[in-house]
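This is a predicted model, so every value here is computed, not measured. Side chains are part of it too, since the values below use all heavy atoms of this structure and drop only hydrogens, waters and symmetry mates.
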Amino acid sequence: MDSLISDLLKIILGAVLTMCAQWVYANLNTKKEKNKLRQQKLEEAFIIVGDILGGIHYKVALLINPNLNIENPKFEISKLHMLISFYAPELQEDYKDFITTYQGFIPLTKARLKTSDSDDENMKEIIDELTKIVSLLSSKGNIIKEKLTKIAQTL
């Protein structure tokens with residue numbers, strides 16, 4: 001009888017240990033997959049910021065000379081917003097600052113459309129403002145890219 005109880009306890013203990021090991025393994029696997037997904041999404045956000053910074057020069061060139069034969073770049077601002085919101089919420093303030101700067105193009109676009117090519121004085125002002133915005137946007141975008149890299153490295 002003692003042997004039966006002893007065997008039964010060994011079986012129960014073995015089953016409990018197996019269940020605990022499976023639970024720990026599943027949790028570690030889940031955490032690893034979540035980190036991998038987060039890293040992929042951070043890389044995607046990094047690429048979108050890079051695309052915006054690279055494409056902004058084309059937008060400026062088109063504003064200055066609408067007759068250029070280049071395609072107006074499309075930016076995935078809403079996707080960037082979603083990626084930052086879900087996968088890097090600690091960058092919300094930097095993102096808001098970046099977007100506020102990006103939105104500075106709207107009044108300049110309006111001013112450019114109202115200005116003729118022969119109006120050198122207004123064009124000079126618009127070009128100066130565009131240069132300031134591009135410089136500021138590049139600086140803020142690079143800060144976001146650095147922070148995205150640091151976050152991805154800690155995963």
Side-chain angles (χ1 to χ4, degrees), residues 1-64 66 68-112 126-155:
M1 183 77 168
D2 285 339
S3 169
L4 182 63
I5 291 174
S6 173
D7 288 345
L8 191 57
L9 285 175
K10 288 178 186 176
I11 292 171
I12 290 172
L13 182 60
V16 168
L17 287 175
T18 302
M19 287 175 24
C20 288
Q22 282 290 11
W23 181 78
V24 167
Y25 177 76
N27 282 341
L28 288 176
N29 241 5
T30 302
K31 184 175 181 177
K32 185 178 174 182
E33 288 177 20
K34 282 182 181 179
N35 283 344
K36 185 177 178 181
L37 175 66
R38 185 172 186 215
Q39 187 169 8
Q40 288 172 343
K41 296 303 180 179
L42 292 174
E43 289 171 4
E44 196 173 338
F46 184 94
I47 290 169
I48 292 172
V49 171
D51 289 347
I52 291 170
L53 295 180
I56 208 71
H57 298 287
Y58 290 111
K59 281 199 179 279
V60 169
L62 284 171
L63 279 176
I64 294 171
L68 287 177
N69 198 15
I70 56 175
E71 189 174 322
N72 191 7
K74 305 287 187 240
F75 301 135
E76 298 180 283
I77 298 291
S78 58
K79 187 171 186 177
L80 178 62
H81 177 77
M82 184 218 36
L83 290 170
I84 297 282
S85 296
F86 288 128
Y87 298 102
E90 58 268 37
L91 298 181
Q92 282 290 346
E93 289 303 314
D94 294 308
Y95 170 75
K96 287 178 185 173
D97 198 24
F98 179 76
I99 292 303
T100 301
T101 304
Y102 177 76
Q103 289 172 344
F105 276 104
I106 296 170
L108 287 174
T109 302
K110 186 177 178 182
R112 170 59 182 111
I126 291 171
I127 291 171
D128 288 344
E129 281 298 311
L130 285 170
T131 304
K132 287 178 191 174
I133 288 177
V134 167
S135 175
L136 199 55
L137 197 62
S138 293
S139 172
K140 292 177 182 185
N142 286 330
I143 288 170
I144 290 174
K145 287 171 61 176
E146 278 181 35
K147 289 182 178 182
L148 285 168
T149 302
K150 285 180 184 175
I151 294 168
Q153 287 174 343
T154 61
L155 296 178

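Among residues two or more places apart in sequence or in another chain, the side chain to side chain donor-acceptor pair (under 3.5 Å) test is passed with Q92 by S85. Considering only residues two or more places apart in sequence or on other chains, H81 meets the ring pair (Phe, Tyr, Trp, His ring centres under 6.0 Å) condition with Y95. Shown here are the side chain to side chain contact (heavy atoms under 4.5 Å, CB included) partners of E43, two or more places apart in sequence or in another chain: Q39. Evaluation of the salt bridge (Lys or Arg N to Asp or Glu O under 4.0 Å) rule for D128 yields K124 as partners, not counting sequence neighbours. By the side chain to side chain donor-acceptor pair (under 3.5 Å) test, E44 pairs with K79, sequence neighbours left out. For T149, the side chain to side chain contact (heavy atoms under 4.5 Å, CB included) criterion is met by F46, Q153, not counting sequence neighbours. K147 meets the salt bridge (Lys or Arg N to Asp or Glu O under 4.0 Å) test with D94; sequence neighbours excluded. Applying the side chain to side chain contact (heavy atoms under 4.5 Å, CB included) rule to F86 yields the partners M82; only residues at least two apart in sequence or on another chain are considered.
Taking each heavy atom of L148 and A88 in turn, the nearest pair found is CD2-CB, 4.3 Å. Of all the heavy atoms in P73 and G55, the pair that sits closest is CG-O, 3.3 Å. The shortest non-hydrogen separation linking F98 to I144 is CB-CD1, 3.6 Å.
For the pair I56/F75, a side-chain contact is recorded, criterion being any heavy-atom separation below 4.5 Å from C-beta on. Put simply, the side chain of Y102 does not reach to within 4.5 Å of the side chain of L136, judged on heavy atoms. For the pair I77 and I52, the minimum side-chain heavy-atom distance is below 4.5 Å. In this structure, the side chains of L8 and L4 stay at 4.5 Å or more apart for every pair of heavy atoms.
Sorted by first and then second residue, the salt bridge (Lys or Arg N to Asp or Glu O under 4.0 Å) pairs involving residues 129-138 (not counting sequence neighbours) are E129-K132. Every pair passing side-chain hydrogen bond (donor to acceptor under 3.5 Å, both in side chains) that includes a residue from residues 134-145 is listed here, sequence neighbours excluded: D97-K140, T101-K140. Sorted by first then second residue, the salt bridge (Lys or Arg N to Asp or Glu O under 4.0 Å) pairs that include residues 21-38, not counting sequence neighbours, are R38-E90.
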Show the atom names and distances, to 0.1 Å, of all donor-acceptor pairs under 3.5 Å that link a side chain in residues 15-26 to residues at least two apart or in another chain.
residue: T18; atom: OG1; partner: G14; partner atom: O; Å: 2.8

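Atom CG of residue L83 and atom CD of residue E76 lie 9.0 Å apart, to the nearest 0.5 angstrom. Note: I12 CD1 to D7 CG = 11.0 Å, rounded to the nearest 0.5 Å.
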